[in-house]
Amino acid sequence: MTFSVVEGGSEKAKPKPEPSDLNTESMNLTAENLSLPYETFLRAATSLKDKVVEETWNRRDQVVDPTVYSGLLGTAFTCLRSYQVTGCRNDLLLCRDIVDTCVTAARASLSNRHVTFLCGSGGVYALGAVVANYMEDLRKRDLFLALFIEVAKEKALPVGPEEGGFGMSYDLMYGRAGFLWGALFLNKHLGEEAVPKDILVPIIDAVLAGGRAGASDIKECPLMYRWHGTRYLGAANGLAGILHVLLHFPLPSEDAEDVKGTLRYLMSKRFPHSGNYPSSEGNPRDKLVQWSHGATGMAITFCKAAQVFPNDRELRDAAIEAGEVVWKSGLVKKMGLADGVSGNAYAFLSLYRLTKESIYEERAKSFASCLYDNAKSLAPANGYSLFQGLAGTACLLFDLLQPQNSRFPGYEL
């Protein structure tokens, strides 16, 4: 297949790019490029989802990794996304079966300290409860919800730094923010009090207290965190991901001002020439443009911040500027959500929902069109997982069918 591009009213064939070209300027994508039609995206999304299911579920020997991020539960999440978009009940039934298998595996392989949605048992139980709710299996829904709330009893979750609470990290992938995201996911689908406030508030307070303690030596920054000793700024293990979760909660004014002040501090860390963001505090390397590190995760977080603080134009501008960085350099060599083209395309979908400007939908479709032709050659060793492989690309293609309802898996709600 080749791309077709309209220039000056005439249609010209655009050669299929080689994989080595995917982060070069030779692609010269523009917002005027014709994107693939709806039916093509639907066929591609379904085909990729079926391939992921075949490789990770039908051909499985044993479940080594039951998590959302890199394991079998990511396949369940992909099937759920397919069901949400297409209404195909077989996908929902398949999702249920995969979740049940992951529950057994998680009990055997994940410790009580693995609490997050992306990388822990919190994701297994949260996804299980939501799927059971879709199936109107109230008994099973309540069972999974109770198991999730049992995870909340992990003693380190609500312990602040004043009580020696640095034992559990604060980040999205492995820490307290990742557990809070799972609770937000449940409350979105099951009702606001599915996970009660009296469970969540002490954890939120611990995250804020930990951030203030971590920023005690930075005058301009109200909140800061370390992961394995490093002050990361990005979405996966850093500041942007933690702030993104906090932005979903109705915080008291003082806490909200600290979140806003920290967002402004993040803005000040932009590289002056490129507009990209460093992966960690003081890191001079200006290379990574992805969800995990760099402008992509920042764009999505600033989009959320612009919705929470609609009168703050700087936050909206920061989101748009980060999106421009992704457009200019975000057609990277990998394909996944974490560090590839699929994740970068979601920055444009976030901007589309924020601004309602069609250019961002077209940019997302342009990136997806590249993936359509190059998914196999771009697939990494872990080629079928949600965050590193084809499952994330399938979710992107499904989301492009309803861009107004799109959500970055495991990050946006």
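Note that these values count all heavy atoms, side chains included, but never hydrogens, waters or copies made by symmetry.
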Student: Any side-chain donor-acceptor pair under 3.5 Å between T301 and Y411?
Tutor: yes
Student: Would you check, one step at a time, whether the test salt bridge (charged side-chain N to carboxylate O under 4.0 Å, His left out) holds for K328 with E324?
Tutor: CA-CA 6 Å; K328 291 174 182 177; E324 289 303 308; 5.2 Å; no
Student: Is a side-chain N or O of R264 found less than 3.5 angstrom from the main chain of E220, in a donor-acceptor match?
Tutor: no
Student: Checking side-chain polar atoms at under 3.5 Å, does D339 have a donor or acceptor matched by the opposite partner on S292?
Tutor: no
Student: Please confirm whether the backbone N or O of V289 pairs with a side-chain atom of N344, one donor and one acceptor, at under 3.5 Å?
Tutor: yes
Student: Apply ring pair (Phe, Tyr, Trp, His ring centres under 6.0 Å) to the pair W327 and F367, showing each step before the final yes or no.
Tutor: CA-CA 9 Å; W327 178 242; F367 273 29; 5.8 Å; yes
Student: Could you go step by step and tell me if Y125 and F148 meet the ring pair (Phe, Tyr, Trp, His ring centres under 6.0 Å) rule?
Tutor: CA-CA 5 Å; Y125 302 140; F148 183 88; 7.8 Å; no
Student: Pick from W291, F117, Y346: which one makes a ring-ring contact (aromatic ring centres under 6.0 Å, His included) with F387?
Tutor: W291
Student: Using only atom types and a distance under 3.5 Å, with no angle test, would you say the side chain of H248 pairs donor to acceptor with the backbone of H244?
Tutor: yes
Student: Would Y83 and Y134 count as a ring pair (Phe, Tyr, Trp, His ring centres under 6.0 Å) here? Give the steps.
Tutor: CA-CA 10 Å; Y83 169 75; Y134 272 115; 5.5 Å; yes
Student: Could you label the plane-to-plane angle of the Y174 and W227 rings as parallel, tilted or perpendicular, counting under 30° as parallel and over 60° as perpendicular?
Tutor: parallel
Student: Of the non-hydrogen atoms in D97 and W57, which two are nearest, and what is the gap between them?
Tutor: O-CH2, 3.7 Å
Student: Without swapping roles, check the side chain of R231 against the backbone of R226 for a donor-acceptor pair under 3.5 Å.
Tutor: no
Student: Return yes if some donor-acceptor pair links the side-chain N/O of T75 with the main-chain N/O of G71 below 3.5 Å, else return no.
Tutor: no
